[in-house]
Each structure stands twice: as structure tokens, then as C-alpha cells.
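Let me begin by presenting the structure, written as C-alpha cells, before commenting on it.
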Protein chains: 2
Amino acid sequence: MLVTVDVVIFTIRDGTLQVLLVRRKYPPFKERWAIPGGFVHDRETLEEAALRELREETGVSDLYIEQLYSFGDPGRDPRGRVVTIAYFALVSSARELKASTDASEAAWFPAGKRPPLAFDHDQILDAALSRLRNKLEYTTVGFQLLPRAFTLTELQRVYEAILAKRLDKRNFRRKMEILKVLKPLGDVRRSGLKRPARLYVMRRTKFEL
Amino acid sequence: MLVTVDVVIFTIRDGTLQVLLVRRKYPPFKERWAIPGGFVHDRETLEEAALRELREETGVSDLYIEQLYSFGDPGRDPRGRVVTIAYFALVSSARELKASTDASEAAWFPAGKRPPLAFDHDQILDAALSRLRNKLEYTTVGFQLLPRAFTLTELQRVYEAILAKRLDKRNFRRKMEILKVLKPLGDVRRSGLKRPARLYVMRRTKFEL
DNA sequence: ACAAAAGTGTTCGATATACACCCATGT
DNA sequence: ACATGGGTGTATATCGAACACTTTTGT
């Protein structure tokens, strides 16, 4: 029986939640877009395999990753029995990513507006999305999508992009304050023609996440 | 690479949350207790495999089951690379279970007071316990541990056994009322020398769980 | 009559939501 | 001076936690 890992890689681009997909070059599902993934090697843990796939696709390695769910219906891959352990990962929007992999065409798609995917990858992506939305509410995963230093408005835009709804600025800021994870940097970001915004970094907390 | 399913089977016995373990007859971990499990067959889904293991161990088949997490560290099984998809299942305390399997010795242990287990099964069991406790708070999984008809006190005892703490009777009943999942049966249970308790069944809701 | 478990409301603090105006900056 | 996004507080509704007495039955 074959075991693979598939990694749903999210980032924020242009203010929307986007997911990295690769275009398949061979059958089955030739030319269809799919979630990046590959076989688990003999001496690596499942998470190491997921991190390796991630690094191969994006070039980055130190980031948030979490096991999502395992999919193994017979027939999900027409070539044979393949069980996949799905992971999801969050990449900071500041990271410079390998433009497109040597081996395969890769591109970012808005998570909600994407082409139909190969295999059961639509199902996997939906599971990742709903897990991400859930965790956003009771953890600090959202911070993983931003660069080290960020403004409160940027953070709020991340939440809004993921939840796909507008949030109240004052309530949002109060909630963040209660979490006690924001450390003011004293510094500001001047982004052009308006009042500069204070910068924050995430305080390392043992809990949350 | 080998793929197995392991199933953490919970029930309520003597007012405590118990888990079904089997004693291993062969190395590795000969004589140690372990979570029941086995290989995934070629033409069955992962969940079907988990249900089959469950039926083989307990003789029951229509019950609550849910995928928990996958464990696949190299070295978790000294015989070779084995990835296991862990499930957890809830068996109603009313069910008559096969006393002990033909093939292997099986027994119930209090979930909190159990012997050290084979492989990484302690880790799996801990994960199952914390998942169960979590889900208890925002779903109706707890009902799965009771027979079809039950009293409110019985239901409260289930919650208390799982959370390992006492709950307030009035607050508990109000919470159940808000859930709108209790259908009064009109009938009562006379259990001896005291006031009879009203019986309820769970109303089938599409949501929850 | 009494022992034993069933059943029932109210108060209070904490948390979540709705809502509008002034501030600092660059041009 | 004005346009732009940054920043701030209060009032109300909702939810969870604490808490004690009366009712129904069998003996």
C-alpha cells in the first residue's frame, strides 16, 4: 500500500487567502491542478515528509504546519491503493517563494475561486479551509500568515480574508489585546500618504496554537 | 509501506470511562496491552477497516466512529514501517459485547488508570481522550455512550465520567434543554426505592456531532 | 415518617456585539 | 486645508457559573 503526504499551502496575497496548486504533467488527471504532495520516504516522519514537500515547492522551511486528516478510499487514485496524510501549512506573505518549480508548473489561486482539482483534492482543500477557519477563532494561527512585524490593520485583513467577512475594528483590537500576544515594536510603518501605523510582533507564548 | 487502523474504543462501565485493550500474544511487546487494530484490506475504505476491527473485537457495528489522527514515525513498530490511522469509537453501555475475543485476550480498563501500552499507543490513547473531552463540549457525542432511552441523571454521569469532574445539575439540565436534542419519552424508569426519573431519547438532528 | 434521588429559578460576573468620532500624517 | 487610514470607549445582550429547596416515590 502506498503512503503519500499532500500539503495544502495557504498564504495571503492581494488581501485574499490563496492556495498553492501544481499542474499535473502526466495522467491520471493530466493537466489538472492538484495539491502538492509526494511519497513518504523510508526514514522520515510524516511531518518531515510534509515539510520536505513544502520546501520543494516553495523553498521555505520554517513555518507552521499541522496534520489535517487522512484520505484513503480505494479508487481515489486510479493507479492503485494510495493512502494520503493531508497537512496544511501557512506561509508568511513576506516570504519570497520560488517562482515556479523546475519540475512542475505551480501557481497561487484564491482558495474560494479555484479550478476543479485532481483526485479527491477538492475534498482535502475544503477540509483544510474549514479547519483553518475554526482554528482562527481559538488560536493564533493567523499570525503565521504575516511577516514578523505587522500592523493591526494588516492582521485584521488576514482574519477578514480567511473568514470572508468584515470585522469591527474596535472589537478586533480589543480581542487581540486580551490575547496578550502582541508586543509593540515602538516603531511605525509609514506607507505613504497617511498616518503611520504602529508595528507589532507576536509574543512567543507557550499556549495557543 | 504498511497501513493499519487502530481503534480506541470507549464505553461507560461502573460510572467510569473505560477503554478496550487487547493483550499481545507475540513479539514485539509480547504480553503488553495494546489498542485493537489491524491492516487495512485492499478494497475497503479506512473507515470500513476501522469498523471491521471494531466488530471483530466487540461484535457491534452500528455506532459512532471518527478518525482521530495518523501516526507514522519510522521506528514506531520495530518490525518495519507501519503507518496507522487511528480512530476512536463510542459504544453504548447497554450493548452486550463479546466477552473476550477468540483470538486474543481483551479487557476494559479505566481510561485514566491503565497499564503502559505497546508501541506508541499511550500517545494515541491520550489523543483520543483529549479529542473526546473537547467534542463533548460542543457536540452531542456523549449521547452515543448511552442506550436509546436514558434519564437526565444518567446523561450527566456520562459527562462527569468523561470530564472527570462534578457538574451542576441545574446548569447541566438547562444546557441540554438549549441544545433541543432531548425528546421526552413520557415514560419513566423506576429504579428501586425512590422517585422515578423521566426517560428521554435523542432527537435526530442534522447538525451537531 | 423518612430516606433517596428527581426536579426546578434566580443572581452575578464575564464575554461578545453594535456603534461614531477624533488623530496624525503627506501633499 | 483636506484626504486617508490609524486609533480609541461605552452601552447592551448573551452566556456560563454559583447556589438550595421542594417533590415524588418505596418502605
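So you know, we letter chains A, B, ... as the sequences are listed, proteins then strands, and number each from 1. In what follows, every heavy atom counts, from backbone to side chain, and hydrogens, waters and symmetry copies are set aside.
- To the nearest angstrom, P of C/dA6 lies 11 Å from OH of B/Y200.
- Between A/E57 and A/L20 the shortest side-chain heavy-atom distance falls below 4.5 Å.
- Comparing B/L152 and A/R195 by the nucleotide of DNA chain C whose heavy atom lies nearest to each, the residue mapping closer to the 5' end is B/L152.
- Atom-to-atom, CD of B/Q156 to C1' of C/dA5 comes out at 12 Å; the value is rounded to the nearest Å.
- Here the nucleotide nearest the side chain of A/R174, chosen from C/dT17, C/dG7, C/dA5, is C/dT17.
- As judged by a 4.0 angstrom heavy-atom cut-off over every strand, B/T153 is placed among residues touching the sugar-phosphate backbone only.
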Point to revise | Verdict with reasoning, A/F150 to A/F143, per ring-ring contact (aromatic ring centres under 6.0 Å, His included) | key: CA-CA 9 Å; A/F150 51 86; A/F143 293 69; 5.7 Å; yes

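- In this structure a side-chain-to-backbone donor-acceptor pair under 3.5 Å is present from A/R133 to A/I162.
- Spacing between atom CG of B/L167 and atom C1' of C/dA6 amounts to 17 Å, rounded to whole angstrom units.
- Salt bridge A/E56/A/R52: present, at least one basic N to carboxylate O contact under 4.0 Å.
- Atom CZ in A/R170 sits about 17 Å away from atom P in C/dA16, given to the nearest Å.
- Between A/F172 atom CZ and C/dC19 atom C1' there is a gap of 18 Å when expressed in whole angstrom units.
- When the options A/K165, A/R166, A/K169 are evaluated for a salt bridge (Lys or Arg N to Asp or Glu O under 4.0 Å) with A/E160, the one that passes is A/R166.
- For B/D168 and C/dT11, the CG to P distance is 16 Å, given to the nearest whole Å.
- Here the CG atom belonging to B/L21 is positioned 7.0 Å from the CG atom belonging to B/L125, to the nearest 0.5 angstrom.
- Ranking C/dT17, C/dG7, C/dT25 by closeness to the A/N171 side chain, first place goes to C/dT17.
- Residue-level contact check: A/K175 touches neither bases nor backbone, having no heavy atom under 4.0 Å from any strand.
- Remark: P of C/dT8 and CZ of B/R173 are 7 Å apart, rounded to the nearest angstrom.
- We find that CG of A/L179 is positioned 14 Å from C1' of C/dA16, with the value rounded to whole Å.
- Residue contacts for A/R198: at a heavy-atom cut-off of 4.0 Å it reaches the sugar-phosphate backbone alone, with no base atom in range.
- The CD atom of A/Q144 lies 5.5 Å from the CE atom of A/M202; values are rounded to the nearest 0.5 Å.
- Along DNA chain D, read 5' to 3', the first and last nucleotides having any atom under 4.0 Å from a heavy atom of chain A are D/dT4 to D/dT10.
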